[in-house]
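So the structure is just underneath, and the comments pick up after that.
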Amino acid sequence: YVISDRLPGCAKGAGKGLSRADFPPRIRKLLWIPDSDTAVEGSGTQDRCRRKEREKMSMTLSQAKEKVEKYGQEHVLKYYEELSQEEKTNLLAQIESADMSILDSCRHQEDLLKRGVITPLASMQLPEIEANREAFTAVGTEAIRAGRVGAVLLAGGMGTRLGSDDPKGVYNVGITRELYIFECLVHNLMDVVRQTGTWLHLFVMTSDKNNDKTVSFLKEHAYFGYKEEYVHFFMQKMAVATDYNGKIYLEGKGKLASSPNGNGGWFISLKDAGLLDLVHREGIQWLNVFAVDNVLQRIADPCFIGATIQKNCVVGAKVVRKVTPDEKVGAVCLEDGRPSIVEYYDMTEELMEAKDENGEPSYNFGVILNYLFSVAELERVLELSLPLHLVEKKIPYLDETGSLVKPEAANGYKYENLVLDMIHQMESCLPFEVVREKEFAPIKNKTGVDSVESARKLLQENGVEL
C-alpha cells in the first residue's frame, strides 16, 4: 500500500494513495492507522492539539461581531484594535469556540432546578459484598487482565482553596517528606497493577489552566513509577464566565474569562482528543472515572468491577454511609424511575427523614465520585445534553478602566456540567458501599472538614507515612 497525504503524518504527493477508509478495521489496527486525524494528537503533548484547533478556527472580525451582537456581548471586542495580531487571532478563536447559547440560562434558573420524582435506590452493602467478594474479585480481575478496563482521572482543577496557584494534584500532603496528591493516586492504582499483573491505560483530564504544569510535573516525577506509554492526557472544554446578568467578563484585553466546564464533559473531551480510538483499539469496555481530590481513592477495584458486571449494570457508583442526613455529599436515588443523584442542597426535610423497611434512612449513601461506566453506554448517550449548573464564583475581571480586579466575594457565574448527571442518562446503576475510613479522604479545604488536615489523619490511619 502507498499511503497518501490524506492520512495524517504522510508526505504530500506520495503517489496514488489510499484514504484510511480504504483499509479494513483489522488492517488499520495492525498499521496503527487512527480512525480520525485528532487521534494522532491525542496521546502526545496538548500543544499540538491547541495549534491544530487554532488552525481550524477561521472566524473573521465581521463574523465575530455578528456573533457577539446576537448574544448581546459586544463589549468583549472593546480592546480589539489595541491587540497584537496573535492576540487578535486568539480572541477570535475564543469567540468562535464559546457556547454563548447557554448565557441566557442565568435569567431562567427556575427551569434548571426542576427535578423529577425522587424515590430510593437500594445500595449493595458491605455484608453482601463480603459474602461475594471472592466471586466479584475473580470477575473483575479477569476483565482487567483481558484489557477491558481503563481509568480516567479528573484532574482539571486548581488548588486555589488550598492556598496554591498550582494544579490540585501537585499539592504536597506530606509532613516530613514530599507526598503529592498525584503520587497517592498512582500508588493506589499500582496496587491493582501488582494484584492483577496488568497495566491499565490511565487517561488524565486536565484543563486549559493547568494542563502544562500537570503534564510537566508528572513527567518530571516519572509518573511516580507508572508506565509512561499507558498515560494519556486530554483537556476538558472551557466555558465562559459571566456576571449575574449573563455578560461575559474579560480577564484580559484579549481574553474572555473562562473556566473548565465541569467534570460532566469528560467523555466528549476524551473523544474530541482522539482517545476514543485508542479505547476501541485496545478493547476497553469499562472506564473507572475518579476525582483527583480523594487521596484514598481505590481505582479499578476488581471487586467493584466484578460486582457491577455480575449485576448486569451499565454503571457502578462507589458510595459511603453518610455521617448525617444533611452531609454535603450527593445521595444515590431514582428520579422518575431512572438512576440519579440528589445533591445535598436538594435534600428536603421529607427526603432526609424518610426511612426504609429496616428503619434506616432511605437516602443514607453518598457518592464519592468514583464511577465505573460501560463504554458502549457512554457512546449511546454521547449526543444527549446534560443539565446545566450555574455556580457562583469569584471571577477576576477587567473594570471599566481596563484594570484587573480580583474580587473578595462571588461576583458571577461559571457554567458547568457534572458527571453525576450522566448517571441519570444510564439504564441501570449499582451503588456499591465501601468502608468510609479506607476509601474516602477528600481534600476540599486547607483546614477543617474535608481538608488537608483530615486527609492526613486518614492517610496515617491507613498506614501511609507522611
Side-chain angles (χ1 to χ4, degrees), residues 121-154 184-203 224-227 230-231 279 282-291 294-321 332 339 364-378 419 423 426-441 458-459 461-464:
L121 173 61
S123 296
M124 179 182 283
Q125 299 183 31
L126 292 174
E128 182 181 355
I129 293 168
E130 289 307 315
N132 296 277
R133 180 170 294 278
E134 187 175 341
F136 290 159
T137 301
V139 172
T141 299
E142 191 277 329
I144 292 170
R145 286 176 174 163
R148 297 198 294 269
V149 181
V152 181
L153 168 56
L154 306 181
C184 294
L185 297 173
V186 172
H187 286 175
N188 295 346
L189 182 54
M190 286 292 292
D191 288 344
V192 176
V193 172
R194 287 187 287 267
Q195 180 183 346
T196 63
T198 307
W199 292 91
L200 295 86
H201 286 280
L202 173 61
F203 303 92
F224 298 107
Y226 211 78
K227 278 192 176 181
Y230 285 88
V231 181
V279 169
E282 294 296 315
I284 297 171
Q285 298 176 8
W286 297 91
L287 288 171
N288 186 189
V289 182
F290 63 102
N294 178 6
V295 289
L296 287 181
Q297 198 90 259
R298 306 309 301 178
I299 305 142
D301 173 2
C303 185
F304 173 47
I305 294 167
T308 304
I309 293 172
Q310 277 212 345
K311 293 300 179 180
N312 295 314
C313 290
V314 295
V315 62
K318 283 196 171 185
V319 297
V320 294
R321 195 173 293 266
V332 289
N364 201 26
F365 292 94
V367 291
I368 61 173
L369 217 170
N370 188 317
Y371 303 108
L372 180 70
F373 285 99
S374 158
V375 172
E377 190 71 1
L378 286 169
V419 67
I423 304 297
M426 302 292 158
E427 296 294 336
S428 56
C429 175
L430 174 69
F432 181 93
E433 184 186 6
V434 298
V435 178
R436 184 186 187 102
E437 294 75 18
K438 292 186 178 296
E439 297 201 29
F440 192 45
L458 286 164
L459 283 167
E461 289 176 1
N462 282 274
V464 178

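Since this is a predicted model, take the numbers as computed values, not measurements.
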Counting C-beta onward and ignoring hydrogens, is there a side-chain heavy-atom pair between [X] and [Y] closer than 4.5 Å?
X	Y	result
Val289	Phe203	no
Val315	Leu430	no
Leu287	Val375	yes
Ser123	Phe432	no
Leu121	Pro431	yes

Identify every side-chain donor-acceptor pair in residues 135-149 under 3.5 Å, counting partners at least two apart or on other chains, and give the distances.
unit_1, atom_1, unit_2, atom_2, d
Thr137, OG1, Arg133, O, 2.7
Thr141, OG1, Thr137, O, 2.7
Glu142, OE1, Arg148, NH2, 2.5
Arg145, NE, Thr196, O, 2.9

Modelled atom types, side-chain donor and acceptor of Asn188 and Gln297, under 3.5 Å: no

Indicate yes or no for a side-chain donor-acceptor contact from [X] to the backbone of [Y] under 3.5 Å, with no hydrogens or angles considered.
X	Y	result
Glu433	Leu126	yes
Asp301	Cys303	yes
Asn288	Leu153	no
Ser428	Val314	yes

What's the separation between atom [atom1] in [X] and atom [atom2] in [Y], rounded to the nearest 0.5 Å?
X	Y	atom1	atom2	result
Phe290	Leu202	CZ	CG	5.5 Å
Met124	Thr308	CE	OG1	8.0 Å
Cys184	Asn294	SG	CG	10.0 Å
Leu372	Phe304	CG	CZ	5.0 Å
Leu154	Tyr371	CG	OH	10.0 Å
Asn370	Ile299	CG	CD1	7.5 Å

Check this for me, if you would: do Arg321 and Glu439 make a salt bridge, where the nitrogen-to-carboxylate-oxygen distance has to be below 4.0 angstrom? no

Using side chain to side chain contact (heavy atoms under 4.5 Å, CB included), reason through Leu369 and Val419 one step at a time and then give a plain yes or no. CA-CA 8 Å; Leu369 217 170; Val419 67; 3.9 Å; yes

Candidate pair Phe373 and Gln285, rule side chain to side chain contact (heavy atoms under 4.5 Å, CB included), full reasoning: CA-CA 9 Å; Phe373 285 99; Gln285 298 176 8; over 6 Å; no

So Leu200 and Val193, side chain to side chain contact (heavy atoms under 4.5 Å, CB included) or not? Walk me through it. CA-CA 7 Å; Leu200 295 86; Val193 172; 4.3 Å; yes

Please assess Val319 against Val434 for the test side chain to side chain contact (heavy atoms under 4.5 Å, CB included), listing each intermediate value before the final yes or no. CA-CA 6 Å; Val319 297; Val434 298; over 6 Å; no

Please identify each residue that fulfils side chain to side chain donor-acceptor pair (under 3.5 Å) with Asp191, with sequence neighbours left out. Arg194, Arg298

Assign the ring pair His201 / Tyr230 to parallel, tilted or perpendicular, where the plane angle (0 to 90°) is split at 30° and 60°. tilted

Describe, in one word, how the ring planes of Phe224 and His187 are oriented to each other, choosing from parallel (under 30°), tilted (30 to 60°) and perpendicular (over 60°). perpendicular

From CA spacing to verdict: salt bridge (Lys or Arg N to Asp or Glu O under 4.0 Å), Glu461, Arg436: CA-CA 12 Å; Glu461 289 176 1; Arg436 184 186 187 102; over 6 Å; no

